[in-house]
Amino acid sequence: MILGSAGAGKTQLARSIAGRAGLPVVHLDLLFWRPGWIPAPRGEAYRRLAAAIERPQWILDGNFLPENGAQDPRFGRADTVIFLDVSRTRCLWRVVSRLLRDRGRARADLPEGCSEGFDFPLLRWIWSYPAVDRPRVLELLEGLDERTTVHHLRSRSDVDGLLSAIDAAPE
């Protein structure tokens, strides 16, 4: 399970791990959004999420934190949680770079009709992530039991180290 702000590198890391480990990636944006960035009904999105995590193995790419203390089934099923805790400026840079790189192209991790964009709500989310979502993520991670491996990655070298460890792990 990979968590972090928009632009933190969740999708890129999910794809890198999937390529190394042969695991399927579940992009939460595909479950929680409909074309035109219309939110999917919460009940429907969570049913689709529950079906996805019933599979024996997966990588979840996406943040979508539970509402005010609600239980999140992902945490009970995940054996590993990766938190990409990178700076706002790095996240903003990546979002703008991605916008320019993918201009006019569909992305496999987004629903059809949801083109890459940059608007005030996205800017506000990225900018407020350290004060609003980061503490919630840290609290959720603190509450995980010892069976769950947590990787709190803060830099590119941290990510590279994790990928190197995956490469070096016995099959």
Side-chain angles (χ1 to χ4, degrees), residues 1-86 91 94-95 98-99 101-126 128-129 132-141 143-144 147-153 159 162:
M1 192 171 139
I2 304 173
L3 303 170
S5 175
K10 298 179 300 294
T11 301
Q12 183 177 7
L13 181 58
R15 288 181 181 143
S16 293
I17 294 171
R20 288 164 164 81
L23 298 174
V25 177
V26 177
H27 302 288
L28 294 187
D29 281 340
L30 293 172
L31 306 180
F32 283 83
W33 294 103
R34 289 194 171 158
W37 293 109
I38 305 297
R42 279 280 193 204
E44 173 189 313
Y46 279 103
R47 281 192 299 279
R48 293 172 68 193
L49 174 60
I53 65 174
E54 280 302 312
R55 294 185 233 155
Q57 296 181 313
W58 37 260
I59 299 170
L60 287 182
D61 156 30
N63 211 56
F64 294 97
L65 297 174
E67 305 285 325
N68 299 327
Q71 291 296 320
D72 188 326
R74 297 176 295 174
F75 290 95
R77 297 265 307 141
D79 62 3
T80 304
V81 178
I82 301 167
F83 177 34
L84 295 175
D85 190 8
V86 299
C91 291
R94 285 181 176 162
V95 167
R98 187 172 63 201
L99 177 64
R101 180 195 70 209
D102 296 339
R103 189 175 5 144
R105 286 187 279 174
R107 287 182 30 199
D109 60 308
L110 297 178
E112 189 175 321
C114 290
S115 59
E116 185 69 43
F118 190 77
D119 57 14
F120 185 71
L122 179 61
L123 172 63
R124 183 177 50 222
W125 181 50
I126 293 169
S128 67
Y129 194 93
V132 177
D133 289 320
R134 182 180 185 275
R136 291 177 59 209
V137 170
L138 293 173
E139 183 180 341
L140 285 166
L141 297 180
L144 296 176
R147 294 174 293 157
T148 307
T149 301
V150 174
H151 298 279
H152 188 162
L153 309 180
V159 170
L162 176 63

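Treat the numbers as computed from the prediction; the structure is a model and nothing was measured. The first residue of the sequence shown is numbered 1, and numbering continues consecutively from there.
Using a 4.5 Å heavy-atom threshold, the side chains of L28 and N63 count as separate. By the 4.5 Å heavy-atom criterion applied to side chains, I17 and I82 are counted as neighbours. Taking 4.5 Å as the limit, some side-chain heavy atom of L84 sits within range of a side-chain heavy atom of V159. Between L60 and V26, the closest side-chain pair of non-hydrogen atoms falls below 4.5 Å. With a 4.5 Å cut-off on side-chain heavy atoms, W33 and L110 do not count as touching.
Looking at residues two or more places apart in sequence or on another chain, you find no salt bridge (charged side-chain N to carboxylate O under 4.0 Å, His left out) involving R124. Evaluation of the side-chain contact (heavy atoms from CB on, under 4.5 Å) rule for L123 yields L92, F118, F120 as partners, not counting sequence neighbours. Contacts of F83 classified as ring-ring contact (aromatic ring centres under 6.0 Å, His included), with partners at least two apart in sequence or in another chain: H152. In terms of the side-chain contact (heavy atoms from CB on, under 4.5 Å) criterion, residue partners of A78 (sequence neighbours excluded) are, by chain and number, M1, W58, V81. Every side-chain contact (heavy atoms from CB on, under 4.5 Å) that R101 has, sequence neighbours left out, goes to R98, R105. Listed by chain and residue number, nothing satisfies the side-chain contact (heavy atoms from CB on, under 4.5 Å) test with A50 (two or more places apart in sequence, or in another chain). In terms of the ring-ring contact (aromatic ring centres under 6.0 Å, His included) criterion, H151 has no residue partners (sequence neighbours excluded). Qualifying side-chain hydrogen bond (donor to acceptor under 3.5 Å, both in side chains) partners for R55, counting only residues two or more places apart in sequence or in other chains: none. When the side-chain hydrogen bond (donor to acceptor under 3.5 Å, both in side chains) test is applied to W37, no partner is found at least two apart in sequence or on another chain.
A pairwise comparison of heavy atoms in H27 and D61 identifies ND1-OD2, 2.7 Å as the closest pair. Between A6 and C91, the closest heavy-atom pair is O-CB, 3.2 Å. The two residues Y129 and P135 have their closest heavy-atom pair at O-CD, 4.3 Å. Closest approach of A18 to I59, counting heavy atoms only: N-CD1, 3.6 Å.
Residue pairs meeting the side chain to side chain donor-acceptor pair (under 3.5 Å) criterion with at least one member in residues 1-10: none, sequence neighbours excluded. Annotation: salt bridge (charged side-chain N to carboxylate O under 4.0 Å, His left out) contacts involving residues 19-36, sequence neighbours excluded, comprise R20-D167, R34-E44.
Going from atom CZ of R136 over to atom CG of L3 covers 11.0 Å, rounded to the nearest 0.5 Å. One finds the OH atom of Y46 at 6.5 Å from the CZ atom of R74 (value rounded to the nearest 0.5 Å). Atom CG in L49 sits 12.5 Å away from atom CG in L30 (nearest 0.5 Å). With rounding to the nearest 0.5 Å, the separation of CD in E139 from CG in L141 is 10.0 Å. A distance of 11.5 Å separates CG of D109 from CD of Q12, quoted to the nearest 0.5 Å.
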Q: Mind running side-chain contact (heavy atoms from CB on, under 4.5 Å) on F75 and L144 for me, showing each step along the way?
A: CA-CA 7 Å; F75 290 95; L144 296 176; 3.6 Å; yes
